[in-house]
Amino acid sequence: MKASAFNYARATSVGNAIELLVAHGEGAKVLSGGQSLMPAMNLRLVTPDLIVDIGELAELRGIAVSGGILTIGALTRHVDLLKSSEIAGHAPLLSDAIAHVAHPAIRNRGTIGGSLAQADPASELPACMVALDATIIICGPAGERRVAATDFFTGIYETVLSAQELLVAVELPVAQKKSARFFWEFARRRGDYAIVGLAAQAIVEKDTLIDLRPVLFAVGDRPVLANAGAKLLKRAITTALLAEVLSGLDKELDPPEDQQASSSMRRHLAKVLLARCVSTLLGRPDLNVGGSR
Amino acid sequence: MTSSRANPETLSALDRPNSYIGKVVPRPNLDRLMQGRGLYVSDLELPRMAHVVFVRSPHAHAKIVGIDAGAARSMPGVIAIVTGEEFASVITPWVGVLSHLKGLKSAPQHAIAIGRVCWQGEAVAAVVATGRAVAEDAAEMVSVEYEELEAVTDMRTALDPQVPVIHSSLGDNLAFERNLDAGPVDAAFAGSDEIVEADFVFGRHTGVTLEPRAVVADWNVAETRLTIYQGTQAPHMVQNIAALHLGLEESQVRVVCKDVGGSFGIKVHIYADEMATYALSKLLRRPIKFVADRVESFNTDIHARDHRCWGRIGVKRDGTIMAFEIDDLTGIGPYSMYPRTSAIEANQVVNLVGGPYKTKNYRARARVVFQNKNVMCQYRSVGHPIACSVTEGLVDLAASRIGMDPLEVRRRNLIADDAYPCASPSGLRFELLSHHAALNKLTAMMNYDALRAEQAALRKKNVHRGIGIASFIEVTNPSAAFYGVGGARISSQDGVTVRLDAQGAVICQTSITEQGQGSESLTAQIVGSVLGVSMARVRVILGDTDQTPYGGGTWASRGAGIGGEAALQAAKILRKNILDVAAAILQSAPTELDIANDAVVKASDGTARIELRELARIVYFRPDTLPPGIQPELMATRHFVPRNYPFAFTNGVQASWLEVDTDTGFVKLLRHWVVEDCGTLINPQLVDEQIRGGVVQGLGAALFEKCIYDERGQLTNANMADYLVPMSGEMPDIDVGHVVSPTAETELGAKGAGEAGTAGAAAAVANAVNDALKPFGAIITEIPLTPQVVLTALRRI
Amino acid sequence: MTAPLPISLHVNGERVDAQVLPRLNLADFLREQLKLTGTHVGCEHGVCGACTVRMNGEIVRSCLMLAVQTHGATVETIEGLSDSGEITDLQAAFRDRNALQCGFCTPGMLMAAQDLLKQESEPDRERIREHLAGNYCRCTGYQAIVDAVKTTARARRGRKP
């Protein structure tokens with residue numbers, strides 16, 4: 001299908017972009033990488049009056065490290081994250097995750113800002129932001145505000161962003177010593193949206209988990225920071241304890257049913273993933289139990 | 001094998017010097033495609049060409065109460081908005097039945113629905129505008145009032161008395177039923193030591209050709225001629241049908257097929273929206289272009305393979321298969337497709353079940369029912385995947401029940417390689433097959449015993465791999481028995497004209513068509529071989545009813561066997577004619593001459609006597625220098641039609657080696673093997689690639705593909721993110737081997753190969769998954785084998 | 001309703017000045033306005049890869065880009081890559097191995113393959129399959145394409161196939 005007709009404006013600055021959004025309200029859509037917006041427009045699922053193209057805003061690009069904080073500009077493309085030595089060094093969870101995002105041609109255009117603003121529950125970056133305890137930087141008519149990633153995602157394709165606001169950057173703490181991470185997703189084919197995925201950031205000391213932030217995605221309307229993981233911290237992990245934790249995870253989740261998987265299938269895969277996560281982080285193959293038996 | 005000293009007249013065309021037959025040569029004219037300089041219908045532009053977009057029903061079944069196109073008509077760029085009633089004055093409706101499918105019934109179908117829509121996606125109005133985007137804008141402004149009707153969406157209840165009858169004139173929703181009872185089936189089951197039965201369920205598929213269906217229809221009102229540019233596999237069939245329904249003579253219709261972006265049977269049928277496009281051109285007196293977009297393709301390209309087949313097998317403890325029985329149910333759309341009918345697939349299932357095996361005891365019932373879903377019809381390897389999956393699934397179940405290795409059961413029951421000619425209980429006549437030779441070659445290629453050992457070793461580590469085998473037979477080179485006998489004007493013969501041009505190069509015109517399988521190449525290889533001309537000097541013209549002999553086209557794996565034979569015979573005539581003229585010019589005898597490397601040569605030692613270039617110059621420009629009385633003829637035409645066998649059956653066997661992750665249900669395809677016997681191989685690489693492509697379509701069926709309809713008849717996954725086609729990341733490498741049993745029906749000896757890969761791939765995968773899951777006692781008889789299906793069978797969820 | 005906007009870009013080394021409606025996507029711009037029909041449209045969802053072109057040296061889905069976004073950019077299509085000779089060896093490998101049948105996916109496939117070969121000199125089969133996993137082919141089943149890319153990689157490294 002061809003997109004319906006719209007007007008187009010190329011923003012000259014963040015301020016200019018916000019002016020345009022304020023002027024057109026719900027009728028305006030921000031064009032960043034376009035890898036989510038364009039398919040929706042080509043299917044006429046989205047029919048904006050005005051496209052505000054922020055693609056030329058150099059101020060929204062760049063990856064910088066300073067004072068223990070890694071700042072990623074909203075227009076940073078997936079391929080930039082994949083190739084960045086700063087990311088590999090300071091937030092390797094993202095390097096792992098990006099490899100699962102779509103395909104090379106999509107990664108050359110898709111941006112972190114676009115992905116987070118899109119808030120597709122089955123996508124990788126929102127979960128990573130929650131796992132990394134990131135802060136989302138937003139600009140709007142009232143100026144800048146900062147929202148914790150854990151509070152940013154509010155539903156399917158829904159975030160705290162208002163129609164007049166722009167996501168401009170994310171900040172996350174650089175990986176500490178003894179940081180470890182785990183990322184995996186189950187998808188039918190390489191590059192497909194996840195059926196269930198897990199992004200986890202952890203601190204491992206000897207054989208114990210000092211900290212663990214396991215964030216499941218494609219299990220609900222937003223990334224789910226699993227509380228069940230708390231029971232695994234700072235103690236020896238037996239298969240019995242893990243089984244208990246997995247059972248707790250089961251109760252915590254209320255996954256949707258769709259063409260790709262039933263609710264019980266998602267629950268099962270979530271448990272498989274958490275077990276694999278713990279097993280991998282601790283180098284304990286005995287813990288790699290396959291969900292319920 | 002070839003000798004320049006042997007008498008060239010006694011050498012068959014297949015072993016002449018510098019023969020291309022049997023050789024791997026690159027296809028000519030690939031540069032065009034690789035440089036992006038092909039000409040697909042979607043690329044075509046003609047002066048004053050307008051674009052059509054169809055307003056399509058969102059409901060599976062509804063009365064059309066009214067269509068208000070007033071607002072849409074006045075939009076800039078809109079040329080016309082045409083509804084069903086207006087179309088009826090330009091193009092007549094059709095009925096998709098053939099007389100040899102006894103009892104097949106179907107209601108008349110119009111180019112654009114009149115009064116009622118019968119599937120979600122059926123067109124209710126045509127919007128013609130200066131561009132596709134503008135036409136879509138206008139289509140959104142066409143207001144259609146519907147009164148929803150109850151939709152028939154479950155084939156299992158379509159014949160129940162309380163379910164509405166879609167076409168009251170037909171009396172019920174049964175399109176076709178076939179019953180077959182061969183041999184003392186009940187006695188055979190009674191005499192079996194074990195009987196196993198299962199319900200096999202198959203996903204509804206669609207072809208997903210990368211280039212969607214596209215047509216440019218160009219009615220020239222001054223010439224009263226219609227030119228149709230279409231990626232069809234059967235241009236003469238389209239010519240006949242367009243003429244028939246538009247009230248024209250066939251000579252007023254020209255069908256042109258240039259490059260086609262994939263077909264696999266999808267583009268061999270007659271579609272209502274394409275017929276509407278032809279009619280619009282006539283109505284509006286200008287070229288009209290229709291290119292289906294991807295969502296439209298999913299909703300309106302023919303679907304296939306929507307079957308639920310119960311099957312039963314009786315076996316003795318010594319492994320002897322006593323009998324097969326099936327009861328197959330398939331739910332098509334609201335109309336039987338035109339002109340090939342939507343009963344052929346079920347008919348094939350009945351024909352083919354049990355085909356590779358000795359047992360003569362076979363009973364079958366197949367019923368085809370109408371539904372309010374998209375139309376369904378022939379798609380690559382028609383009915384074969386169903387028949388093979390059921391047969392090979394039952395054979396494996398029987399093997400399991402009696403504790404026999406699946407290979408051994410097959411060895412004891414496949415028709416012996418020396419038993420031919422013979423016939424199947426369903427009446428199929430086999431000329432010469434090679435089931436055992438193929439199976440032996442397969443087991444050697446895959447190192448079956450080593451894989452079994454590996455499987456056993458890995459099982460101890462909780463890694464579950466499986467081997468699945470699938471034997472199959474394949475219909476190729478059909479005679480008129482397929483369609484012609486039923487009254488369809490679908491030709492079962494093909495023709496090739498070859499001529500020497502004024503520079504001594506060769507021009508061939510063939511009635512078979514090209515969609516990427518290599519029709520052009522096989523024609524050039526055969527003609528080049530027979531004539532002794534280098535392939536670089538052979539040009540092939542195809543896909544144009546104005547420029548080629550009359551023929552059937554390429555479908556049912558008939559291009560190489562039938563079109564190839566016509567090319568061979570035509571080239572033989574031309575060769576003779578050239579040698580006659582050469583003999584006259586050289587004052588020699590034709591028996592002392594041969595043609596090699598673009599020149600007439602001395603047969604005895606290959607010395608060049610006169611180049612074809614020079615011979616052509618003399619014939620065309622200096623016939624005054626020829627001996628008196630000679631009338632050279634440097635153009636020859638031959639047609640070929642299979643007469644002895646209704647179909648040239650081929651045989652093959654496939655194996656799948658895969659791993660099932662029993663924690664997640666994911667299946668990883670590790671490797672796949674095929675041994676295929678399609679007779680003479682004209683170009684082994686092209687044959688192998690046809691097989692590989694066909695296998696991957698079958699692998700897609702096994703693991704990924706399914707059109708998901710809800711109970712309201714809505715196709716819920718009509719896009720490429722949700723209908724999963726096989727991509728490179730999940731596909732294995734496929735090893736292909738051959739046995740060669742030529743057909744004696746032609747000098748070429750080639751049978752067809754285009755569909756074999758698809759016939760057995762899903763069966764092999766299903767058997768492999770069940771083999772992998774044997775320790776768990778799980779048996780799955782449905783495809784696609786999604787992770788959810790696997791986990792459910794394992795009772796993990 | 002909406003007015004055309006002027007854009008200026010380079011396509012296959014040639015300067016192009018055009019007026020385009022905002023909603024015109026890059027694939028349609030190339031095909032319909034510039035008559036470069038080698039870039040194909042297979043889905044318009046960004047899933048099939050048939051529309052792959054190179055923009056500023058990187059492969060992109062042209063169905064997911066607006067023509068207006070290419071203002072000031074350098075776009076290369078299959079015609080350009082062919083004429084420059086950049087992929088002559090890859091095309092020869094495709095021909096010899098019959099890594100195309102209907103040819104509809106081929107321009108996009110060649111784009112994606114060349115993208116991989118520019119980044120990695122020794123991709124194994126798994127890596128090749130991974131990089132091409134976003135390009136749909138219905139005809140070949142992919143194996144011949146993987147073979148052709150592997151052969152080309154080897155040849156470019158100077159080894160005999």
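Lettering of chains follows the sequences in order, A, B, ..., and the numbering in each one begins at 1.
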In terms of heavy-atom pairs under 4.5 Å with chain B, the winner among C/Val41, C/Ile145, C/Asp96, C/Ile128 is C/Asp96
Pick one of side chain, backbone, both or neither for B/Pro732, based on which atoms fall under 4.5 Å of a heavy atom in chain C. backbone
Which bit of B/Gln697 comes within less than 4.5 Å of chain C, counting heavy atoms only: side chain, backbone, both or neither? both
Does one side chain, of B/Thr554 or B/Glu514, offer a donor that lies under 3.5 Å from an acceptor on the other? no
Top of C/Arg23, C/His131, C/Glu126 for chain B proximity - count of heavy-atom pairs under 4.5 angstrom: C/Arg23
Short side-chain donor-acceptor distance under 3.5 Å, B/Ser42 and B/Glu211: yes
Do B/Gln515 and C/Gln101 get their side chains close enough for a donor-acceptor pair, meaning under 3.5 Å? no
Contact leader toward chain C among B/Gly131, B/Pro76, B/Ser728, B/Gly757, where contacts are heavy-atom pairs under 4.5 Å: B/Ser728
Could you check if a side-chain atom of C/Asn25 sits within less than 4.5 angstrom of a side-chain atom of C/Arg31, using non-hydrogen atoms only? no
What residue, out of B/Arg32, B/Gln690, B/Met720, has the most heavy-atom pairs lying under 4.5 Å from chain C? B/Met720
When you look at B/Tyr723 and B/Phe298, which way does the ring-ring contact (aromatic ring centres under 6.0 Å, His included) test go after all the steps? CA-CA 9 Å; B/Tyr723 182 94; B/Phe298 276 114; 5.3 Å; yes
Of the listed residues (B/Asp259, B/Val208, B/Leu30), which shares the most heavy-atom pairs with chain C below a 4.5 Å separation? B/Val208
Cut-off 4.5 Å, heavy atoms of chain C, and the answer for B/Glu730 is neither
Quick one about B/Thr513 and B/Gln233 (side-chain donor to acceptor, distance below 3.5 Å, no hydrogens or angles considered), yes or no? no
Go through B/Val696, B/Leu33, B/Asp43, B/Thr209 and name the one with the most non-hydrogen pairs under 4.5 angstrom from chain C. B/Asp43
C/Asp17 versus C/Ser8, side-chain donor and acceptor atoms under 3.5 Å: yes
Please confirm whether the ring centroid of B/Phe264 lies under 6.0 Å from the ring centroid of B/Tyr379. no
Who among C/Asn98, C/Leu90, C/Thr106, C/Val47 has the most heavy-atom pairs with chain B under 4.5 Å? C/Asn98
Pick whichever of B/Asp31, B/Val24, B/Ile691, B/Leu699 has the most heavy-atom pairs under 4.5 Å with chain C. B/Asp31
For the residue pair C/Glu86 and C/Gln114, confirm or rule out a side-chain donor-acceptor distance under 3.5 Å. yes
Contact class of B/Pro726 relative to chain C, heavy atoms under 4.5 angstrom: both
Of the listed residues (C/Asn135, C/Leu100, C/Thr77, C/Leu110), which shares the most heavy-atom pairs with chain B below a 4.5 Å separation? C/Leu100
Side chain / backbone / both / neither for C/Tyr142 at chain B, heavy atoms under 4.5 Å: side chain
Per-residue tally against chain C (heavy atom, under 4.5 Å) across B/Gln685, B/Arg37, B/Gln517, B/Met731 peaks at B/Gln685
Name the option with the most non-hydrogen atom pairs under 4.5 Å to chain B; the candidates are C/Glu44, C/Arg125, C/His40, C/Arg97. C/Arg97
Does atom NZ of B/Lys258 have more than 12 heavy-atom neighbours, drawn from other residues, nucleotides or ligands, at distances under 6.0 Å? no
Contact between C/Leu9 and C/Val11 at the side-chain level, heavy atoms closer than 4.5 Å - yes or no? yes
Given heavy-atom pairs under 4.5 angstrom as the criterion, report whether the side chain, backbone, both or neither of B/Asp688 touches chain C. neither
Would you mind checking which part of B/Asn29 comes under 4.5 Å of any heavy atom in chain C, side chain (CB onward), backbone (N, CA, C, O), both or neither? neither
Under a 4.5 Å heavy-atom cut-off, does chain C meet the side chain of B/Asp293, its backbone, both or neither? side chain
What part of B/Val695 gets closer than 4.5 Å to chain C, counting heavy atoms only: side chain, backbone, both or neither? neither
The test is salt bridge (Lys or Arg N to Asp or Glu O under 4.0 Å); show your working for B/Arg132 and B/Glu296 and say whether it passes. CA-CA 14 Å; B/Arg132 169 103 195 179; B/Glu296 267 182 300; 3.1 Å; yes
